[in-house]
2 protein chains.
Amino acid sequence: MTETTHWLSEPEQHAWRSFVRMQERLAGRLGRRVQAESGLSVADYGVLVHLTEAPEGRLRVLELARVVEWEKSRMSHHVNRMAKRGLVVREDCPADARVALVCVTAAGREALATAAPCHVEAVRHLLIDPLSPAELAMLAQVSNRILEELDKGCD
Amino acid sequence: MTETTHWLSEPEQHAWRSFVRMQERLAGRLGRRVQAESGLSVADYGVLVHLTEAPEGRLRVLELARVVEWEKSRMSHHVNRMAKRGLVVREDCPADARVALVCVTAAGREALATAAPCHVEAVRHLLIDPLSPAELAMLAQVSNRILEELDKGCD
DNA sequence: GCCCCATTGATGATGCATCAACAATCTGTT
DNA sequence: AACAGATTGTTGATGCATCATCAATGGGGC
């Protein structure tokens, strides 16, 4: 440790703290609202969205994990819990005995249909409405810039 | 459900998805880096920062929970785990037998001293550097705007 | 002094995320 | 056919977050 750290300036620190605070509180509020009004967690919601968008409403566990950017293990556990609640069912794949297909149930589709307007309204109320169109565009741009950087370095 | 939902437009949806993706991946990367290089989670880091900034390096559990914006229960559990690792110690308060004081240990200060440069560098690399100063300022402004909205409605 | 009740905090239960280890199956090679 | 290695997914352990509940204490009014 011969090098000295390049500490954050005052405005940098402020930006970082505001950003983190905003993130945490936004995620918390959104999650609690959707959960309370629809009985689905944000995680459930994402899984169901991708499932219903898939042909025949079903996907392999690994494919599902890929689209929502989760680890396969997390998806496996989560699918079990969702199946226990009747939101999805597991099916075997005739072509490949290794793969486990996950399929939305009618109850899952219904839960999603209930959650979707609630989710959209929360997003609109908490993020879209408070910002001008220009600010929203800027936020998207900033997000994409950071995502590029994240993709670049796997460190 | 007589009212029809005001769905997100294409750019709105894109902004939202980019934002969420960025958040999740940024938090994940930052957490894993700090954890790997210093042995502290981001949660540990925040607790230690506030503790070391307090007079005599100690705070009541509830006060600590307030400054990091956690529930008291979460803090109680977390302090237990940190105490088990030797990062903090619990002390009794002579003036009020209800309160539990939490105090940083030397090991805690040392762990923080190790983690801090690593944390700062990760923040700089992942967030500050990819953005122009104007973009960073805009991000702070946007964050604060959203925070205002969050403070307004407790719904 | 004594009661009411607010404050402060701990605890146990539950669900979730991650990790490492494992099992089953498929595919290509010999 | 048989084996090696890759693919696909499950499982159990551990730590973390939240919720509801409980216990102890302090402070004010009578």
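Each chain gets a letter, A, B and so on, in the order the sequences are listed, and its residues count up from 1.
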Which donor-acceptor pairs under 3.5 Å do side chains of residues 59-70 of chain B form with protein atoms, sequence neighbours excluded?
residue	atom	partner	partner atom	Å
B:E63	OE1	B:R66	NE	3.4
B:E63	OE2	B:R66	NH2	2.9
B:E69	OE1	A:R21	NH1	2.6
B:E69	OE2	A:R21	NH1	2.7

Requested in this report: Mark up nucleotides 6-22 of chain C, 5' to 3', with B wherever a protein heavy atom is under 4.0 angstrom from a base atom, S wherever such an atom reaches only the sugar-phosphate, and - elsewhere.
Outcome: -BBBBBB---SSBBB--
Just distance, no hydrogens or angles: give the donor-acceptor pairs under 3.5 Å from side chains in residues 49-57 of chain A, sequence neighbours left out.
residue	atom	partner	partner atom	Å
A:T52	OG1	A:L48	O	2.9
A:T52	OG1	A:V49	O	2.9
A:E56	OE1	A:R58	NH2	2.9

Requested in this report: Would you list the pairs meeting side chain to side chain donor-acceptor pair (under 3.5 Å) in which at least one residue belongs to residues 104-113 of chain B, sequence neighbours left out?
Outcome: none
Query raised in the report: Who passes side-chain hydrogen bond (donor to acceptor under 3.5 Å, both in side chains) against B:R74, sequence neighbours left out?
Result: none
Query - Partners passing salt bridge (charged side-chain N to carboxylate O under 4.0 Å, His left out) against A:D96 (at least two apart in sequence or in another chain) - result: A:R98
